[in-house]
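One structure is given here, and the rest of the page talks about it.
Side-chain atoms are counted along with the backbone in the values below, which use heavy atoms only and exclude waters and symmetry mates.
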Amino acid sequence: MTTGLFAGSFDPFTIGHDSIVRRALPLFDKIIIGVGINERKQYMLDTEERVGRIRAIYAREPKIMVKAYDDLTVDFAKRENVRFFIKGVRSVKDFEYEREQADINRAIGGLETILLLAEPQFASISSSLVRELVHFGRDVSEFLPKASHG
């Protein structure tokens, strides 16, 4: 069984993240969405809420599991018997960062990284942008996936 790991803080999980997961589904027998916990980071949503929201989105998709973790992503991947990271790339800046991460993850964990380019309509959407809009009281529902759509 081939398992892919799509990892991030997902604070919040956006329609861009959802697009990457759905496009990666045909490539893997199973996808684990890893919700990272970093004690040094301030989150808008607590871990349970981030995990719960993502689980609700994929409630009808048996190939997707959602799990929280608080160690190195490469160590979490090893524990879960993952061989591939799934990453979305929106820009050249994202590409350079993900290339560096892929090199390190291959060197220290033997894991390969699959890069999926963001669809153009999602290339400007980021969790930090959504958090900023929430901070100023704006409706962000158009940037968030609907629960359990399929």
Step by step, work out the side chain to side chain contact (heavy atoms under 4.5 Å, CB included) result for Leu45 and Arg53.
-> CA-CA 10 Å; Leu45 304 170; Arg53 286 182 178 195; 3.5 Å; yes
What's the shortest heavy-atom distance between Ala123 and Ala118, and which atoms?
-> CA-CB, 4.2 Å
Using atom types as modelled and distance alone, determine if a side-chain donor or acceptor of Asp70 lies under 3.5 Å from a backbone N or O of Ile37.
-> no
Going through the distances and angles, do Thr3 and Ile31 end up as a side chain to side chain contact (heavy atoms under 4.5 Å, CB included)?
-> CA-CA 6 Å; Thr3 303; Ile31 291 178; over 6 Å; no
What do you reckon, is CD of Gln121 surrounded by more than 12 foreign heavy atoms closer than 6.0 Å?
-> yes
Exercise: identify the closest heavy-atom pair between Ser124 and Leu129 = O-CD2, 3.6 Å
What is the distance from atom NZ of Lys63 to atom CG of Asp29, rounded to the nearest 0.5 Å?
-> 6.5 Å
Answer yes or no for Arg50 and Tyr43: cation-pi contact, defined as NZ/CZ to six-membered ring centre under 6.0 Å and angle to ring axis within 45°.
-> yes
What distance do Gln101 atom CD and Arg99 atom CZ have between them, rounded to the nearest 0.5 Å?
-> 10.5 Å
Lys41 versus Ser9, closest heavy-atom pair with distance = NZ-OG, 3.1 Å
What closest approach, in Å, do Pro12 and Val130 show between heavy atoms, and which atom pair accounts for it?
-> CG-CG1, 3.6 Å
Would Phe122 and Ile15 count as a side chain to side chain contact (heavy atoms under 4.5 Å, CB included) if you check the C-alpha gap in whole Å, the side-chain angles of each, and the deciding distance to 0.1 Å?
-> CA-CA 7 Å; Phe122 303 132; Ile15 56 177; 3.4 Å; yes
Which distance, rounded to the nearest 0.5 Å, do you find between the OG1 of Thr47 and the CG of Asn38?
-> 10.5 Å
Give the intermediate values and the outcome of side-chain hydrogen bond (donor to acceptor under 3.5 Å, both in side chains) for residues Asp18 and Tyr58.
-> CA-CA 9 Å; Asp18 181 55; Tyr58 301 108; 2.6 Å; yes
Should Ile33 and Leu116 be counted in the same cluster of Ile, Leu, Val, Met, Phe, Trp and Tyr side chains packed under 4.5 Å apart?
-> yes
Looking only at heavy atoms, what is the nearest atom pair of Gly88 and Asp94, with distance?
-> O-OD2, 4.5 Å
Quick one: do the Ser141 and Asp139 side chains pair a donor with an acceptor below 3.5 Å?
-> yes
What do the steps show when you test Arg79 against Asp71 for salt bridge (Lys or Arg N to Asp or Glu O under 4.0 Å), and what is the final call?
-> CA-CA 11 Å; Arg79 262 195 328 278; Asp71 53 345; 2.5 Å; yes
Checking Glu100, Glu112, Glu98 against Lys87 for salt bridge (Lys or Arg N to Asp or Glu O under 4.0 Å), the one that qualifies is Glu98
Separation between CG (Leu117) and CD (Glu119), nearest 0.5 Å, reads 10.5 Å
Quick one: do Leu27 and Val82 end up in the same hydrophobic cluster if we chain Ile, Leu, Val, Met, Phe, Trp and Tyr together by side-chain heavy atoms under 4.5 Å apart?
-> no
Intermediate values then yes/no, side chain to side chain contact (heavy atoms under 4.5 Å, CB included), Leu111 and Val74 | CA-CA 8 Å; Leu111 294 139; Val74 71; 3.1 Å; yes
dist Ile20:CD1 -> Ile114:CD1 (nearest 0.5 Å) comes out at 12.0 Å
Counting heavy atoms not belonging to Arg138, are there more than 12 under 6.0 Å from its CZ?
-> no
By side chain to side chain donor-acceptor pair (under 3.5 Å), which residues pair with Thr113, not counting sequence neighbours?
-> none
Check whether Phe143 and Ile57 end up in the same hydrophobic cluster, where Ile, Leu, Val, Met, Phe, Trp and Tyr are linked by side-chain heavy atoms less than 4.5 Å apart.
-> no
Between Arg90 and Ile125 the two heavy atoms that sit nearest each other are NH1-O, 3.1 Å
Pair Arg106 + Asp103: basic N to acidic O under 4.0 Å = yes
Would the number of heavy atoms belonging to other residues, nucleotides or ligands and lying under 6.0 Å from CZ of Arg131 be above 12?
-> yes
Any chain of hydrophobic side-chain contacts (each under 4.5 Å) joining Phe95 to Phe85?
-> no
For the pair Phe10 and Phe6, name the ring-plane relationship: parallel under 30°, tilted 30 to 60°, perpendicular over 60°.
-> tilted
Mind checking whether Val35 and Val66 have side chains closer than 4.5 Å, heavy atoms only?
-> yes
Do Leu144 and Phe13 have side chains that get closer than 4.5 Å, going by heavy atoms?
-> no
Any chain of hydrophobic side-chain contacts (each under 4.5 Å) joining Val21 to Tyr69?
-> no
About how many Å separate CE of Met1 and CG of Asn81, when rounded to the nearest 0.5 Å?
-> 10.0 Å
